[in-house]
Amino acid sequence: MARDLRLLPKAHLHLHLEGAMRPGTLADLAAEAGVAPPPVRGYASFTEFGLQYRAASALIATEEHLRRVVREVVDDAADDGAVWVEPHFYPPRYAGQLGSAEEVLEIVIDEGERAAAARGIGCGWIVSALRDAEVTQAVDLAALAAKYAGSGVVAFGLASDEARFPPEPFAEAFGIARDAGLICAPHAGELAGPESVRGALDALGARRICHGVRAVEDPALVERLAAEEVVLDVCPTSNVMLGVVGSVEQHPLAALLDAGVRCSLNGDDPLLFGPGLLAEYELARDGMGLSDEQLAQLARSSLVGSGAPCELVAEAVEHVEEWLTRPA
Ligand code: ADE
Ligand code: ZN
């Protein structure tokens with residue numbers, strides 16, 4: 001009998017709030033709006049994926065919708081054995097409609113805290129700017145994130161189309177986040193190659209990188225990531241669905257681990273890609289052949305790389321060791 005991966009304590013560090021919405025909730029919100037649910041499978045390009053992401057997000061029309069999605073995302077993380085969940089969130093998506101960006105952020109912080117407390121886990125937020133929005137908006141968002149550092153926000157991110165929008169113009173925003181003590185966790189090395197990962201490290205001061213998997217194209221960069229203990233928040237199914245890698249079997253996760261790079265395992269957008277957190281761990285075991293020691297290492301890195309309080313991390317890491325010493 002294999003060890004139960006649900007019982008492996010872990011953190012979910014790379015998921016986007018709307019992209020982690022339950023399919024049933026999307027159907028309910030569409031019914032309430034009197035429209036057909038938008039399609040959530042099969043993308044010919046990142047642009048097409050982005051349009052579907054936005055169509056799903058547009059169905060969140062009220063504060064109660066937003067609270068429901070937060071609550072369910074936290075519940076799903078807890079159900080999959082996460083002791084900490086750290087979703088990406090872009091407050092301007094609802095600004096105007098549900099209040100100011102700050103009021104919207106307060107709603108998700110409040111609901112995340114309540115939902116996590118009800119399940120005995122923790123929740124912290126990554127305020128994420130979008131590369132295809134104005135750079136000045138990213139600066140404003142970094143200032144907002146900084147205001148809530150230590151009060152619900154733990155990190156600052158950068159999402160959307162990396163191929164068309166390199167990291168360097170966002171240096172000022174990330175400087176503000178860094179000065180506030182936030183973890184800098186931009187997307188890089190997904191839709192662009194090693195130069196984008198270097199840009200995230202050098203211009204943005206990234207300590208965690210969302211994806212980062214295309215660093216494998218440059219062995220010197222892989223060595224640097226290992227030496228500097230940067231955590232890559234890896235999402236295998238997302239990479240396959242968006243054509244970043246050819247198949248799960250060809251995914252570079254095992255190679256990155258063998259090279260000593262710290263990686264966490266994540267779902268990215270389970271609504272649009274399918275598997276949730278636990279299913280990604282199962283896929284890593286069954287589809288990539290990772291050992292329980294490697295799976296425990298992913299869980300350890302997710303905890304140590306997270307913005308969770310030190311006591312939560314220390315206790316959970318101890319439980320990872322206990323999980324590993326149980327007979328398989
Ligand atoms: N936003 C949601 N999912 C994303 C991804 N995989 N890459 C960049 N931005 C995203
Ligand atoms: Zn992502």
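Remember, it's 1-based here, ligands and their atoms both numbered in the order they're listed.
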query = At what distance is the nearest protein heavy atom to atom 9 (N) of ligand 1, and which residue and atom is it?
reply = S160 N, 2.9 Å
message = Could you check whether R262 pairs with E229 (Lys NZ or Arg NE/NH1/NH2 to Asp/Glu carboxylate O, under 4.0 Å)?
response = yes
inquiry  = I'd like to check which ligand 1 atoms, numbered from 1 as shown, lie under 4.0 Å from a non-hydrogen atom of D269.
reply    = 2 (C), 3 (N), 4 (C)
ask   = Quick check: are there more than 12 heavy atoms from other residues, nucleotides or ligands sitting under 6.0 Å from CD of E134?
value = no
task = Verify whether the ring centers belonging to F49 and F273 lie closer than 6.0 Å.
result = yes
key: Backbone N/O of L272 and side chain of D269: donor-acceptor pair under 3.5 Å   = no
request  = Take every heavy atom of G19, measure it against each atom of ligand 1, and state whether any distance is under 4.0 Å.
outcome  = no
inquiry  = Show me which atoms of ligand 1 lie under 4.0 Å from any heavy atom of D268.
reply    = 3 (N), 5 (C), 6 (N)
ask   = Judged by non-hydrogen atoms, does H211 sit under 4.0 Å from ligand 1?
value = yes
task = If you have a sec, work out which protein heavy atom is nearest atom 5 (C) of ligand 1 and how many Å separate them, to one decimal?
result = E190 OE2, 3.5 Å
ask   = So does E72 pair up with R68, basic N to acidic O under 4.0 Å?
value = yes
key: H14 side chain vs D233 backbone, donor-acceptor pair below 3.5 Å   = yes
task = From the options M241, E162, H16, H88, select the one whose nearest heavy atom is closest to atom 10 (C) of ligand 1.
result = H16
request  = Start with the C-alpha distance between R224 and D218, add both sets of side-chain angles, then the distance that settles salt bridge (Lys or Arg N to Asp or Glu O under 4.0 Å), and finish with yes or no.
outcome  = CA-CA 10 Å; R224 178 177 173 191; D218 180 343; over 6 Å; no
ask   = Name the one of S302, S306, P9 that satisfies side-chain contact (heavy atoms from CB on, under 4.5 Å) with V83?
value = P9
inquiry  = One thing to verify: whether E18 and R54 come together as a salt bridge, which I'm taking to mean a side-chain N less than 4.0 angstrom from a carboxylate O.
reply    = no
key: Every N, O or S from the protein that is nearer than 2.8 Å to the Zn ion (ligand 2)   = H14 NE2, H16 NE2, H187 NE2, D268 OD1
